[in-house]
Protein chains: 2
Amino acid sequence: MTVSKALNDKDGVSGELKEKIKLLAVQMGYRYNAAARSMKEGLTHNIGVIIPERFTGPTQSFYVRVFQRITKHLEDQGYYGILHILNVQDEEELILPKLYSDNKVDGFIVLGQVSKEYIELVQSMEVPKMFLDFYDEHSDIDSVVTDNFYAAYELTNVLVQQGHRRIAYVGNLYSTSSIQDRFLGYYKSLLEHRLPMNPDLVLNDRDERGTFIEIDLPAQLPTAFVCNCDQVAHLLVQKLTSLGIQVPAQCSVVGFDNDIYATLSEPKLTTVEVDVEQMARTAVHSMLKKIDNPSRSFGRVHVKGNIIYRDSVSAAPALSDDVSN
Amino acid sequence: MTVSKALNDKDGVSGELKEKIKLLAVQMGYRYNAAARSMKEGLTHNIGVIIPERFTGPTQSFYVRVFQRITKHLEDQGYYGILHILNVQDEEELILPKLYSDNKVDGFIVLGQVSKEYIELVQSMEVPKMFLDFYDEHSDIDSVVTDNFYAAYELTNVLVQQGHRRIAYVGNLYSTSSIQDRFLGYYKSLLEHRLPMNPDLVLNDRDERGTFIEIDLPAQLPTAFVCNCDQVAHLLVQKLTSLGIQVPAQCSVVGFDNDIYATLSEPKLTTVEVDVEQMARTAVHSMLKKIDNPSRSFGRVHVKGNIIYRDSVSAAPALSDDVSN
DNA sequence: CTGAAAGCGCTTACAG
DNA sequence: CTGAAAGCGCTTACAG
């Protein structure tokens with residue numbers, strides 16, 4: 001009783017005792033049980049927000065699509081997903097979602113790469129957690145990722161088979177694990193075809209904070225570009241077009257993600273579609289198994305992507321290639 | 001005890017009794033109390049899904065942005081938002097979110113226009129509800145909407161002041177209340193400036209299901225277009241450009257929403273920015289007041305928009321205008 | 001097959 | 001200022 005009053009800052013407890021109780025609560029790692037209050041009050045302190053699918057639908061962001069699939073699988077299992085959009089400030093200041101301290105959830109799925117420090121913070125929470133669409137050196141985290149490495153490898157192979165020899169990669173290698181792995185897949189394809197790896201053909205596309213920067217084209221233009229995502233591919237195509245370079249006649253471009261930019265681009269982009277359904281299902285089922293048995297671990301699970309063939313790739317311009325080398 | 005077993009389809013109750021109990025439960029409008037089970041089990045049956053802001057960030061859909069503001073205000077009040085993306089099928093078959101029957105929420109905010117039938121279904125739920133960004137003839141619903149009418153009126157005034165006389169409106173008037181009201185604002189501006197309202201200049205942009213269709217340009221081109229949203233304005237600009245018509249030199253175009261398409265378009269669009277922050281705050285505070293006192297009602301609350309001036313408007317081409325009429 | 005009772009972790013009216 | 005007790009609506013082990 002006194003403890004309850006103290007923690008809720010209500011009257012009837014001396015300030016001194018209050019402080020003592022609060023301090024001890026923190027020391028003991030006490031977390032409020034929202035369910036008990038809910039039952040007592042008859043209030044859940046949740047509000048449902050209904051958005052019709054067509055308004056988030058085809059043009060929506062990749063992660064919102066993944067979220068939608070996640071909630072579908074959760075619901076099938078009698079669970080609900082509570083979306084928490086982590087803002088930049090909370091990530092930097094290492095602030096955990098209130099969802100956790102209020103004991104509103106049984107676990108967390110982190111969708112999209114966060115800083116190493118934030119990963120560690122997430123790991124410190126005493127609930128199961130899954131990381132989706134990225135991983136990092138923390139070997140003990142459970143993650144579900146697209147097989148970026150192989151997909152990029154296969155995509156680059158397509159370009160090589162079309163006769164391309166001077167192939168650039170566009171992406172900041174130090175930004176996310178996805179960008180890095182896609183680069184390595186690209187590199188594997190070069191190695192396998194005995195093509196030289198030219199550092200001048202690895203082009204940066206964003207600064208450390210993830211903001212896109214102007215892409216510096218090399219003096220001697222490649223005949224093909226492997227871009228780390230569709231959005232950057234789209235920007236690149238715009239840039240090439242504005243310079244009077246025809247895509248794909250003079251230059252082939254491939255993207256990654258098969259998001260809105262893939263079809264918005266002119267020409268439409270050949271790209272890799274991530275298997276959202278499979279990723280969501282795997283993440284949810286692993287999560288529920290961990291709730292049943294917290295000691296279970298899954299490590300890094302890879303989900304295959306599919307190449308989507310569209311109009312941004314053609315055979316390498318034979319002459320220019322021979323001449324330019 | 002027996003009731004509990006019956007409802008959960010567990011052994012130890014005769015099939016006959018089970019049916020009797022289940023039937024009665026439905027008749028009495030029984031809804032499961034998830035909080036009580038949560039307390040007993042020590043499980044909330046919620047999973048937190050964390051998405052870093054930068055991945056849904058600047059390019060994200062309008063409604064996701066609104067959702068983010070809503071959750072922010074909810075959290076400030078000790079509440080949480082649970083996002084339910086209503087799929088087309090559930091909307092047609094009039095299926096309510098499981099969130100409701102499972103008693104997981106204290107109220108609903110419906111964000112984006114749903115069918116009349118679905119509105120009535122939502123109204124039948126015995127919890128407070130708020131409608132956001134749309135309304136309809138149901139006079140008893142509480143809604144928060146942008147002042148579409150005045151914003152479109154002001155935007156059209158801008159075009160008239162730039163000398164435009166032949167101004168088209170692009171949008172399906174029967175699709176949403178927003179599109180309809182924006183049209184009426186456009187019409188008011190015409191009336192006020194004694195400009196004729198030409199039905200040939202009201203162009204359809206989507207079918208009844210909201211899918212965009214090819215826009216039929218009138219034989220004699222207007223000098224300006226008021227589009228019901230940025231996405232359609234973007235499509236229109238692309239179409240005009242592909243026809244060799246320069247925007248804004250030969251044709252001015254304005255949009256609505258100030259979403260990703262407004263800046264993606266070339267030239268960037270003059271448009272109306274909706275006051276997301278104000279809409280979210282109003283919706284949340286009204287909702288919480290209704291939870292305290294279910295008989296409270298707010299009716300239709302309007303939130304002002306702001307015109308954003310960019311590069312898609314210029315003075316009407318003086319000669320062509322005179323000549324063409 | 002059916003039911004009485006305890007307990008989950010809070011809050012709140014009440015007594016000391 | 002402090003604390004014993006009841007009750008919110010379930011589930012589950014136990015008894016009949």
Side-chain angles (χ1 to χ4, degrees), chain A residues 1-46 75 77-80 82 98-107 125-128 288 291-294, chain B residues 1-46 77-80 98-107 125-128 288 291-294:
Chain A
M1 160 76 229
T2 303
V3 168
S4 172
K5 277 187 176 170
L7 293 178
N8 289 292
D9 258 329
K10 294 202 171 161
D11 285 344
V13 191
S14 65
E16 199 187 345
L17 222 202
K18 265 191 198 172
E19 286 317 309
K20 223 165 144 184
I21 289 172
K22 284 186 183 174
L23 192 67
L24 194 61
V26 172
Q27 281 173 358
M28 296 174 64
Y30 168 79
R31 284 195 296 141
Y32 187 77
N33 183 323
R37 185 232 241 163
S38 281
M39 187 166 55
K40 179 67 181 153
E41 285 189 337
L43 282 180
T44 64
H45 288 263
N46 293 145
E75 237 183 64
Q77 309 289 325
Y79 271 76
Y80 291 90
I82 301 187
K98 214 160 142 252
L99 281 172
Y100 176 65
S101 47
D102 278 2
N103 230 323
K104 296 281 273 190
V105 293
D106 301 332
M125 292 194 291
E126 287 170 344
V127 290
L288 296 187
I291 289 175
D292 271 355
N293 175 5
Chain B
M1 160 75 230
T2 303
V3 168
S4 173
K5 276 189 176 169
L7 292 178
N8 287 294
D9 259 330
K10 295 205 169 159
D11 285 343
V13 192
S14 65
E16 200 186 346
L17 221 203
K18 263 190 196 172
E19 285 316 309
K20 223 163 140 183
I21 289 172
K22 283 186 185 175
L23 192 67
L24 194 63
V26 173
Q27 282 173 359
M28 296 174 62
Y30 169 79
R31 284 194 295 144
Y32 186 78
N33 185 322
R37 185 230 241 164
S38 281
M39 187 166 58
K40 180 64 183 158
E41 284 188 340
L43 281 180
T44 63
H45 288 262
N46 294 145
Q77 308 289 325
Y79 272 76
Y80 292 90
K98 212 157 145 256
L99 280 173
Y100 177 63
S101 48
D102 278 2
N103 231 325
K104 295 282 274 193
V105 293
D106 301 333
M125 292 193 292
E126 286 170 344
V127 291
L288 296 187
I291 289 175
D292 271 353
N293 174 7

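The chains referred to below are lettered A, B, ... by the order of the sequence lines, with proteins before strands, and numbering in each begins at 1. Owing to the predicted nature of the structure, the values given are computational and were not obtained by experimental measurement.
- If you check the side chains of B:Y80 and B:N46, you find no donor sitting under 3.5 Å from an acceptor.
- Sequence order on DNA chain C of the closest nucleotides to B:G15 and A:K5 puts B:G15 first from the 5' end.
- B:N8 comes within 4.0 angstrom of the backbone, heavy atoms only, and of no base.
- Following rounding to the nearest Å, B:L17 (CG) and C:dT2 (P) show an atom-to-atom distance of 5 Å.
- Between the P atom of D:dC1 and the CD atom of A:E19 lies a distance of 14 Å, rounded to the nearest Å.
- Here A:T2 lies in heavy-atom contact (under 4.0 Å) with a base.
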Might you work through the salt bridge (Lys or Arg N to Asp or Glu O under 4.0 Å) test for A:K22 and A:D9, ending with a clear yes or no? CA-CA 10 Å; A:K22 284 186 183 174; A:D9 258 329; 3.2 Å; yes
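- Between the CE atom of A:M39 and the P atom of D:dT11 there is a distance of 12 Å, rounded to whole Å.
- Between the CZ atom of A:R37 and the C1' atom of D:dG9 there is a distance of 18 Å, given to the nearest Å.
- A straight line from CD of B:E41 to C1' of D:dC10 spans 10 Å, rounded to a whole angstrom.
- A sub-4.0 Å separation between OP1 or OP2 of D:dT12 and a side-chain N or O of B:S4 is absent.
- If you take CG of A:L43 and P of C:dG9, they are 21 Å apart, rounded to a whole angstrom.
- Protein atom OH of A:Y30 is 10 Å distant from nucleotide atom P of C:dG9, rounded to whole Å.
- Within 4.0 Å (heavy atoms only), B:K10 reaches sugar-phosphate atoms of the nucleic acid but no base atom.
- By the 6.0 Å contact criterion, NZ on A:K20 is open, its count of non-hydrogen atoms from other residues, nucleotides or ligands being 12 or less.
- Few gaps surround CD on A:Q27; more than 12 heavy atoms of other groups in view lie less than 6.0 Å from it.
- Taking a pair to require two hydrogen-bonding distances under 3.5 Å in either a Watson-Crick or a G-U wobble arrangement, C:dA13 remains unpaired.
- Candidate nucleotides D:dG9, C:dT2, C:dC10 were compared by shortest atom distance to the side chain of B:N33, and D:dG9 ranks first.
- Distance, B:K40 NZ to C:dA6 P: 12 Å, rounded to whole Å.
- At C:dT2, one or more side-chain N or O atoms of B:S14 fall inside 4.0 Å of OP1 or OP2 (strictly under the cut-off).
- Counting heavy atoms from C-beta on, the side chains of A:I21 and A:Y30 never come closer than 4.5 Å.
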